[in-house]
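Have a look at the structure below, then the notes.
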2 protein chains.
Amino acid sequence: MALAHTILATLGDEAYSGYDLWKKFSQTKACYWQASQQQIYRELGKLEKEEAIDSEIIAQKGRPAKKIYQITDKGIEKLKNWVLEPAEPMAIREDLLVKVISAHLAPKSVILQEIERHRQIHTQQLSVYKEIEQQNFPDVSKLSYKQKCIYATLRCGIGYESYRISWCDEAISLLSEETSK
Amino acid sequence: MALAHTILATLGDEAYSGYDLWKKFSQTKACYWQASQQQIYRELGKLEKEEAIDSEIIAQKGRPAKKIYQITDKGIEKLKNWVLEPAEPMAIREDLLVKVISAHLAPKSVILQEIERHRQIHTQQLSVYKEIEQQNFPDVSKLSYKQKCIYATLRCGIGYESYRISWCDEAISLLSEETSK
DNA sequence: AGCTACATGTAACGAGTTACATGATTAT
DNA sequence: ATAATCATGTAACTCGTTACATGTAGCT
């Protein structure tokens with residue numbers, strides 16, 4: 001249900017087309033939400049049908065026309081009611097850990113290299129987040145409440161990637177050790 | 001796709017009924033996979049159809065009969081091939097962060113209490129994992145490779161809950177501050 | 001008498017993924 | 001030429017959630 005609300009939250013600040021939302025999600029929103037282009041288009045269709053958003057078609061020179069969406073009063077109300085409800089922690093479904101559990105079926109090097117590969121992915125993502133932090137949040141004491149909320153989600157992403165890197169290091173070290181048994 | 005493989009991995013050690021798998025998942029597997037009872041029954045049906053597992057009905061005194069499943073050679077092959085493929089990092093979809101982004105729509109106390117509630121949930125889960133660690137892995141140096149693999153997933157769960165708790169503390173502190181703007 | 005645990009399933013729906021379809025512009 | 005980016009969508013399928021359906025045994 002939260003993809004709809006994530007879209008509403010994003011449209012709360014600014015009007016976006018489906019394509020723009022998708023790009024925004026692929027970039028900054030990556031630390032707390034992910035959605036494919038198709039999912040976004042479908043969700044926009046649903047939200048428009050229930051009048052939580054409305055659209056306007058903008059012609060562009062040299063480019064295809066854009067259909068930009070804005071949140072309605074009904075949409076703001078819907079989002080607000082949802083914010084007031086409690087949220088459940090995300091369910092963990094990590095393929096890599098299932099593979100670690102089954103690691104004895106493969107050569108040791110395969111799983112070690114795979115963990116190393118994940119370490120690199122998380123290191124890369126961490127540097128992206130840190131770059132955003134430096135660029136957009138150089139002085140935390142000067143942020144408004146709304147900006148602090150956004151910063152808190154970025155800190156969550158930074159914490160997550162750091163934790164993943166630490167775990168990869170720990171796992172590599174643990175599984176590399178010589179084992180008598 | 002990985003629920004099927006998670007079940008295969010579990011059945012690799014021991015035969016289980018659908019009900020037993022569900023309980024096992026609710027407990028120890030919680031740090032890397034979650035599935036409902038219905039999902040497990042459906043997946044078992046599929047796996048049996050493709051002959052990756054087979055079943056046996058065991059009558060019990062004073063209790064309903066159990067249908068216990070065992071992995072077949074075909075199932076082991078399927079699992080092994082999957083382990084050799086690379087795994088993508090889990091997609092993050094955290095409702096709480098979407099709510100933090102929309103926090104200005106609600107009274108400040110609502111979001112702070114919600115983060116505090118999450119902090120408690122993660123603290124509780126962390127203590128469960130630490131209890132398992134103390135009980136089952138008192139001496140890491142004496143573990144076999146297979147046991148080390150299991151231990152690595154537990155360490156992943158411990159790291160995750162610790163990271164979540166740290167973030168909740170950071171977020172509460174950040175959003176509680178007096179803000180001039 | 002009512003709750004929890006044991007035990008298996010069907011049906012419907014919502015969310016997420018993958019493939020397909022179309023067509024213009026810009027950069028290499 | 002051909003690949004990438006811009007731009008929107010349909011269709012089919014799989015995965016995850018919720019509700020419904022059934023029945024026994026043991027505990028309070």
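Chain letters run A, B, ... following the sequence lines, proteins first and then strands; every chain starts at 1.
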Exercise for the section: Verify the contact: side-chain N or O of S17(B) to OP1 or OP2 of dT8(C), cut-off strictly under 4.0 Å; return yes or no. Expected result: yes
Completion exercise
Checking dA7(C), dG16(C), dG23(C) against the side chain of R93(B) (C-beta onward), the nearest is dG16(C)
Practice task
May I ask you to test the L47(B)-L11(B) pair for a side-chain heavy-atom distance under 4.5 Å?
Solution key: no
Problem - Interatomic distance where CD belongs to E88(B) and C1' belongs to dT18(C) [whole Å] - result: 15 Å
Exercise for the section: Look at Y19(B) and dT8(C) and indicate whether a side-chain polar atom (N or O) is within less than 4.0 Å of OP1 or OP2. Expected result: no
Practice task
Give a yes or no on whether a salt bridge exists between K74(B) and E50(B), defined as a side-chain N under 4.0 angstrom from a carboxylate O.
Solution key: no
Handout entry: Touch class at under 4.0 angstrom, heavy-atom based, for A91(A) against every strand present
Key = nothing
Handout entry: Salt bridge present between K24(A) and D13(A) (N-O < 4.0 angstrom)
Key = no
Practice task
Respond yes when some side-chain nitrogen or oxygen of K23(B) is under 4.0 Å from OP1 or OP2 of dC6(C), and no when none is.
Solution key: yes
Practice task
State whether the distance check finds a donor on one side and an acceptor on the other, under 3.5 Å, for side chain R42(A) versus base dG14(C).
Solution key: no
Exercise for the section: In whole angstrom, give the distance that lies between atom NZ of K24(A) and atom C1' of dC6(D). Expected result: 18 Å
Handout entry: Side-chain ion pair, E114(A) and R117(A), N-O less than 4.0 Å
Key = yes
Handout entry: Euclidean distance, atom CD1 of residue I40(B) to atom C1' of dG9(C) [Å, nearest integer]
Key = 13 Å
Exercise for the section: Take the protein atom CD1 of I68(A) and the nucleotide atom C1' of dA7(D), then report the distance between them rounded to whole Å. Expected result: 14 Å
Exercise for the section: Measure from CG on L44(B) to P on dG9(C) and round the result to the nearest Å. Expected result: 9 Å
Handout entry: Phosphate-side-chain proximity, K67(A) and dG9(D), N/O vs OP1/OP2 below 4.0 Å
Key = yes
Exercise for the section: Ignoring backbone atoms, test whether Q39(A) places a side-chain nitrogen or oxygen under 4.0 Å from the OP1 or OP2 oxygen of dT17(C). Expected result: yes
Practice task
May I ask you to decide whether K66(A) forms a salt bridge with E56(A), counting only side-chain N to carboxylate O separations under 4.0 Å?
Solution key: no
Handout entry: W22(B)/F25(B) aromatic ring centres below 6.0 Å
Key = no
Handout entry: Phosphate-side-chain proximity, Q37(B) and dG9(C), N/O vs OP1/OP2 below 4.0 Å
Key = no
Exercise for the section: Report yes if a side-chain nitrogen or oxygen of Q38(A) is closer than 4.0 Å to either non-bridging phosphate oxygen (OP1 or OP2) of dT17(C); otherwise report no. Expected result: no
Problem - For atom NZ of K66(A) and atom P of dC6(D), their distance in whole Å - result: 9 Å
Exercise for the section: Give a yes/no on whether any side-chain N or O of K46(B) is located under 4.0 angstrom from OP1 or OP2 of dC15(D). Expected result: yes
Practice task
Could you tell me whether A65(B) contacts a base, only the sugar-phosphate backbone, or nothing, with contacts defined as non-hydrogen atoms closer than 4.0 Å?
Solution key: sugar-phosphate
Handout entry: Separation of atom CH2 in W22(A) from atom C1' in dT17(C), rounded to whole Å
Key = 15 Å
Completion exercise
Separation of dC6(C) atom C1' from L21(B) atom CG, nearest Å, is 15 Å
Exercise for the section: Just compare dT17(D), dG16(C), dA7(C) and give me whichever is closest to any side-chain atom of W33(A). Expected result: dG16(C)
